[in-house]
Peer 1: 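Right, I'll just put the structure down here and ask away after.
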Amino acid sequence: MQKLFDLSGRKALVTGGSVGIGRGYATALASAGADVAVVDIDQKTGEKTAAILKDQFGIDSFFVPCDVTRPEKIDAMIQSVLDRFGRLDIGVNNAGIGILGADEDYPAADWQKVIAVNLTGMYLCAQAEAKVFIKQGSGGKIINTASMSARICNCNASYNASKGGVVEMTRMLAAEWGQYNINVNCISPSYILSPMHASTPMEVRARIRELTPLGYVERPQDLFGPLVFLASDAANYITGVDLLVDGGHTLNAWLTPLSRKMAPRISPEEESIPLKADLDLLGVSYDENGINADLRPEIANAYKAAFGLK
């Protein structure tokens, strides 16, 4: 059974692969034996991540620059991967952004930017990957990053609409491309301790723990297994699925506070270890909890306002 999850010799790419969820995805694929192209707009950090993967897992990994909102850049990225690896077996589309703001005053330009990266960019990457798989005649695996925000209202219309769109887009592409033995699935994480949340106050992390049945804030490592599963032969008969990986957060009962009988598997101190590793790659300082309030001040300020914090 172990061979079902073995990706040795497979060739993969991960967009938004430098830090956070993307670096977690790239690490998971490399740990299972795949060669991985780290695709991002951040060349400095992307090259560091690729070098770490090569050194740690002995696989081939390299950085490819790409702006996923530009079709010509996606085409060039795909060609770079094919020139290096000779083929493509796994496409992980993860590049994404969020721009906060109240919807009654939300600028049209911000809406368009979020949709361009999170939905249109993901579609264009999936399309380019599918063309390769079809030409190769070997099938392939496409995994998109959606979010639990496709199911709950927790951010704003641009972000939630983009992630809801990813889920339905994934289903439609799975229906269309199954004839080519292409599996298309998506993963929906919860709040992830990535650099995007490096400014999140400790009080907010505590609230997330309280409202999550498994009792801790999600880390990129919690996506390793789901990602490898969907990329492997173990998931050959699974397509069009939105795999929710949220620790049960979207199950919480609003009228009855959650309680615990045992300590969570991951302690608050352990939660921040991968976040600190990402911040080290970025060259960003942080406190003992892995917090830098100045990295994403708009997120910190939004949480402070919502929680009545100073």
Peer 1: Does Met169 share a hydrophobic cluster with Val241, counting links as ILVMFWY side-chain heavy atoms below 4.5 Å and allowing steps through other members?
Peer 2: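 Cluster IDs for Met169 and Val241 differ.
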
Peer 1: Quick one: do the Tyr216 and Asp222 side chains pair a donor with an acceptor below 3.5 Å?
Peer 2: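 Side-chain D/A pair, Tyr216 to Asp222: present.
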
Peer 1: With clusters defined by side-chain heavy atoms of hydrophobic residues (ILVMFWY) lying less than 4.5 Å apart, directly or transitively, does Ile21 cluster with Ile52?
Peer 2: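 No, Ile52 does not connect to Ile21 through the hydrophobic network.
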
Peer 1: Give, for atom CD of Gln112 and atom OG of Ser158, the distance between the pair rounded to the nearest 0.5 Å.
Peer 2: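 That separation rounds to 11.0 Å.
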
Peer 1: Is the shortest distance from a Lys or Arg side-chain nitrogen in Arg10 or Asp233 to a carboxylate oxygen in the other one below 4.0 Å?
Peer 2: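 Salt bridge flag = yes for Asp233 with Arg10.
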
Peer 1: Donor-acceptor pairs under 3.5 angstrom involving side-chain atoms of residues 302-310: please list them, not counting sequence neighbours.
Peer 2:
none

Peer 1: Are a donor atom and an acceptor atom from the side chains of Asp103 and Asn156 found within less than 3.5 Å of each other?
Peer 2: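 No, no side-chain donor-acceptor contact under 3.5 Å.
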
Peer 1: Can you tell whether the side chains of Lys131 and Glu129 come within less than 4.0 Å, N to carboxylate O?
Peer 2: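 Looking at Lys131 and Glu129, the cut-off is not met.
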
Peer 1: Do Asn154 and Tyr159 get their side chains close enough for a donor-acceptor pair, meaning under 3.5 Å?
Peer 2: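 No donor-acceptor contact under 3.5 Å links the two side chains.
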
Peer 1: Are side-chain N/O atoms of Asp75 and Gln79 paired as donor and acceptor at under 3.5 Å?
Peer 2: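 Their side chains do not contain a donor-acceptor pair, so the 3.5 Å distance test is not met.
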
Peer 1: Could you walk me through whether Thr145 and Asn94 satisfy the side chain to side chain donor-acceptor pair (under 3.5 Å) test, starting with their C-alpha distance in whole Å, then the side-chain angles of each, then the deciding distance to 0.1 Å, before giving a yes or no?
Peer 2: CA-CA 5 Å; Thr145 298; Asn94 170 72; 2.9 Å; yes

Peer 1: By ring pair (Phe, Tyr, Trp, His ring centres under 6.0 Å), which residues pair with Tyr191, not counting sequence neighbours?
Peer 2: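 For Tyr191 the ring pair (Phe, Tyr, Trp, His ring centres under 6.0 Å) partners, ignoring immediate neighbours, are His249.
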
Peer 1: Tell me if the centroids of the rings in Phe62 and Phe85 come within less than 6.0 Å of each other.
Peer 2: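 Between Phe85 and Phe62, which both carry aromatic rings, the centre distance is below 6.0 Å.
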
Peer 1: Has Tyr123 got more than 12 heavy atoms of other residues, nucleotides or ligands less than 6.0 Å from its OH?
Peer 2: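 No, because the 6.0 Å sphere around OH of Tyr123 holds 12 heavy atoms or fewer from other groups.
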
Peer 1: Check the surroundings of atom NZ in Lys276: do more than 12 heavy atoms from other residues, nucleotides or ligands lie under 6.0 Å from it?
Peer 2: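 Counting neighbours around NZ of Lys276, more than 12 heavy atoms of other residues, nucleotides or ligands fall under 6.0 Å, so yes.
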
Peer 1: Please tell me whether Ile238 and Leu29 are part of a single hydrophobic cluster in this structure, the criterion being side-chain heavy atoms less than 4.5 Å apart.
Peer 2: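 Yes, same cluster.
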
